[in-house]
Undergrad: 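Starting off with a structure, shown below.
The sequence lines fix the lettering, A, B, ..., with proteins before strands; numbering per chain opens at 1.
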Number of protein chains: 2
Amino acid sequence: MKQPEATRLVDVAAAAGVSLATASRAMSGGSGVSDELAGHVRAIADRLGYIPNVHARGLAGGLIASIGLVVHEIGDPYFAEISSGVIHRAAADGQSVQITHADRDPVSELAQVSALVMQRVGSIIIAGSGYTDAALEAPLDEALARYRARGGRVAVIGRHHLAVDAVLPDNVGAGRSIAQHLVGLGHRRVGLVAGPLDLNTVQDRLDGLRSVFARAGVATHTVSHAFTREGGIDGTNELLDAGRDVTAIVALNDAMALGALRVLRERGIRVPDEMSVAGVDDITVVADIAPALTTARIPMAEMGREAVALTLRREADEPRRIELGHELVVRQSTSAPRVGYNSPS
Amino acid sequence: MKQPEATRLVDVAAAAGVSLATASRAMSGGSGVSDELAGHVRAIADRLGYIPNVHARGLAGGLIASIGLVVHEIGDPYFAEISSGVIHRAAADGQSVQITHADRDPVSELAQVSALVMQRVGSIIIAGSGYTDAALEAPLDEALARYRARGGRVAVIGRHHLAVDAVLPDNVGAGRSIAQHLVGLGHRRVGLVAGPLDLNTVQDRLDGLRSVFARAGVATHTVSHAFTREGGIDGTNELLDAGRDVTAIVALNDAMALGALRVLRERGIRVPDEMSVAGVDDITVVADIAPALTTARIPMAEMGREAVALTLRREADEPRRIELGHELVVRQSTSAPRVGYNSPS
DNA sequence: GTTGTAGTGGAAAGCGCTTTCGGAAGCGCT
DNA sequence: AGCGCTTCCGAAAGCGCTTTCCACTACAAC
């Protein structure tokens, strides 16, 4: 049960001919040790293959060099790619990453954060939209505030209603770009397949889309379902069943776009000939499918990396936000509307 | 720095009117407490919102209730879906999951495992193929043996050359099913786009494919590249550039199949009219694309769940292996070869 | 009435580390 | 030489938990 040959800090101290306290100060970069002595101790530690015991550190010191990452569902490519960025950047910094699922449920999300706090992780990164309803965010906000008061570092990805460091993709701009692209192609009636309307990501993308469409006098019809492939299927079916004669469908993320594509294929509606389809995110796979999806690229892995970088900075001053750009990626799923199609009469 | 209102075990003990020792026994399921008293203590603990301090436990007890999961790259849907299964099952059991990247590198993989061992995680799950070259696996095997000797639980997913609990998909069967399907459609010349040949997953799938093709007198041509979408692109290009007049391409996993589909689309080769394409895995997205991919389903999430289940069993007897089935999923990317196509002369 | 035998309480010893505290040593200054 | 000052170091006190070792109470079995 006990590890037999584990080198402890006392062993290092003995080998280096210093006291335990000095060894500790040398290892954890504390002050009170001369640089040369510290260097010497660290050299000895390396030679002995010493690896600090995380739990002893956690018990004695408070927080540990570990990142807690909350995503909704790691099976979702959007979160998988963000996580990949987090893990890569964290590894470069010698930090381990604990991932938990919030399952798109605010209650579960709060529970996961609490669990992470109790594990004494040094930083918490929350990925995924927040609710625009402040009441739903309040408990989370409080929990995070308490955690930060204790020295914890927090960063959120893609949500901006919390008073913490944030990495924000350009959702509004992404929506605008997609809309401009469609307007440029000549579409006049567009269906918007959205996720839950109280998510800030959905709202922002919708704002971008509608601002452009409204100015161009393009009619839009919006349906709202789960922010997943299944939601895309439901939304597209609803749109089609309602008999809206739209010439293009914008899904609020690529997962929904994939669902839309599937429904259109099953119904024998050709893309882009009879219906243009666009998404948002540019998850890896949508570049390879036929027709390759027109979408607005959100730099997911980079968002993950930046979030880790935010938790690393020393100064604990006021919340900072990093805004990342987007990029319109035009592929084959969009084209000018064909006259004669989609006009029921 | 110190958490002010953290409920500790002594608090629970006081509230329940029992001693610290009894409370500890009640919480960690040890013997020496009546079930009713234990239940009472746990109820009080719940009411107080008590969450045990992981680090104190880790320090005192040896290993902690946490799972270390090693995958190659979480951005890869295959690993993302496995991870999803692991996280869900672990959460149901109150365990946290630490994910690290091995980046398809045996050296890195070993380093990750060592790091996890030092973190005193209670179990380690390694996902991803092993090398059939025993020399490459030896260091890992030794490290795991030491860890197990200390009470650590280990499970591997999809590799069978280690003396530990394993969850194994039916790779051979999957290969056979795909081959039978293609033989049944009348294909006589098939290209195999494989990953690295020293990975047991690749070998097993290849064995299944070739055994059936050989018996049916079908000619095969194999190329080997990275086990990723990019590898699929390279492999398909190599196959096509070599002028092999195959009527079907089997990619050894869906990621490679996606790459193959992309190359074929770029070259204007129609699927399945001019070329049938099949994959293995059935990652979520391949059901939605056009043409929907014919593939052999490997139950990834279930593999993740089973791996966690394996680490949970009490008896530390000899290695157990759980073999899961596969399922041929015929979609639109395969059809009978068209006479006249692909015959250069 | 004596002996077991669970179940429980109390006390205490760590687990390996960080950190506080006070002392020792080295420095420049008067 | 004497003073205060800064540096650096060693001893020791925990961090919250698991465990072990007894002691003690019931209550059943002999």
Undergrad: Quick one: is Tyr50(B) getting a side-chain N or O under 4.0 Å of the dC17(D) phosphate, OP1 or OP2?
TA: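 Affirmative; the distance criterion is met.
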Undergrad: Check Glu109(A) with Arg104(A), please: is the shortest side-chain N to carboxylate O separation under 4.0 Å?
TA: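 Salt bridge between Arg104(A) and Glu109(A), a charged N being under 4.0 Å from a carboxylate O: no.
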Undergrad: Over its full length, what angle do the end axes of the helix from dG1(C)-dC30(D) to dT30(C)-dA1(D) make, each axis taken from five pairs and the result rounded to 10 degrees?
TA: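 End-to-end axis angle: 40°.
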Undergrad: So, Arg89(B) and Glu306(B), do they make that salt bridge, N to O below 4.0 Å?
TA: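 So Arg89(B) does not pair with Glu306(B) through a salt bridge.
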Undergrad: Given dC17(D), dC15(D), dC15(C), identify the nucleotide with an atom nearest to the side chain of Ala60(A).
TA: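 The closest nucleotide is dC15(D).
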Undergrad: What is the per-nucleotide protein-contact pattern of nucleotides 7-12 of chain D, from the 5' end, where B denotes a base atom under 4.0 Å from a protein heavy atom, S denotes such proximity for sugar-phosphate atoms only, and - denotes neither?
TA: -SBBB-
Undergrad: To the nearest Å, how far apart are Arg8(A) CZ and dC15(C) P?
TA: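 My rounded result for the distance is 7 Å.
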Undergrad: Using every non-hydrogen atom in the two residues, find where Ile82(B) and Ile157(B) come nearest and quote the distance to one decimal.
TA: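 Heavy atoms of Ile82(B) and Ile157(B) come nearest at CG2-CD1, 3.7 Å.
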Undergrad: For Arg57(B) and dG16(D), give me the distance from atom CZ to atom C1', rounded to whole Å.
TA: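 One finds 11 Å between C1' of dG16(D) and CZ of Arg57(B), rounded.
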Undergrad: Over how many whole Å does the gap from Leu9(B) atom CG to dT18(D) atom C1' extend?
TA: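 In whole Å, dT18(D) C1' and Leu9(B) CG are 9 Å from each other.
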Undergrad: Can you check the Asn53(B) CG to dG16(C) P distance for me, whole Å?
TA: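 In whole Å, dG16(C) P lies 16 Å from Asn53(B) CG.
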Undergrad: State whether the side chain of Arg159(A) and the backbone N or O of Gly128(A) hold a donor-acceptor pair below 3.5 Å, judged by distance alone.
TA: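 Between the backbone of Gly128(A) and the side chain of Arg159(A) there is a qualifying donor-acceptor contact (under 3.5 Å).
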Undergrad: Return each pair, listed once, that meets salt bridge (Lys or Arg N to Asp or Glu O under 4.0 Å) where at least one residue sits in residues 50-62 of chain A; pairs must be two or more places apart or across chains.
TA: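 Counting only pairs at least two positions apart or across chains, no salt bridge (Lys or Arg N to Asp or Glu O under 4.0 Å) contact touches residues 50-62 of chain A.
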Undergrad: For the side chain of Asn200(A) and the backbone of Thr132(A), is there at least one donor-acceptor N/O pair under 3.5 Å apart?
TA: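 The answer is no, because no donor-acceptor pair under 3.5 Å joins these two groups.
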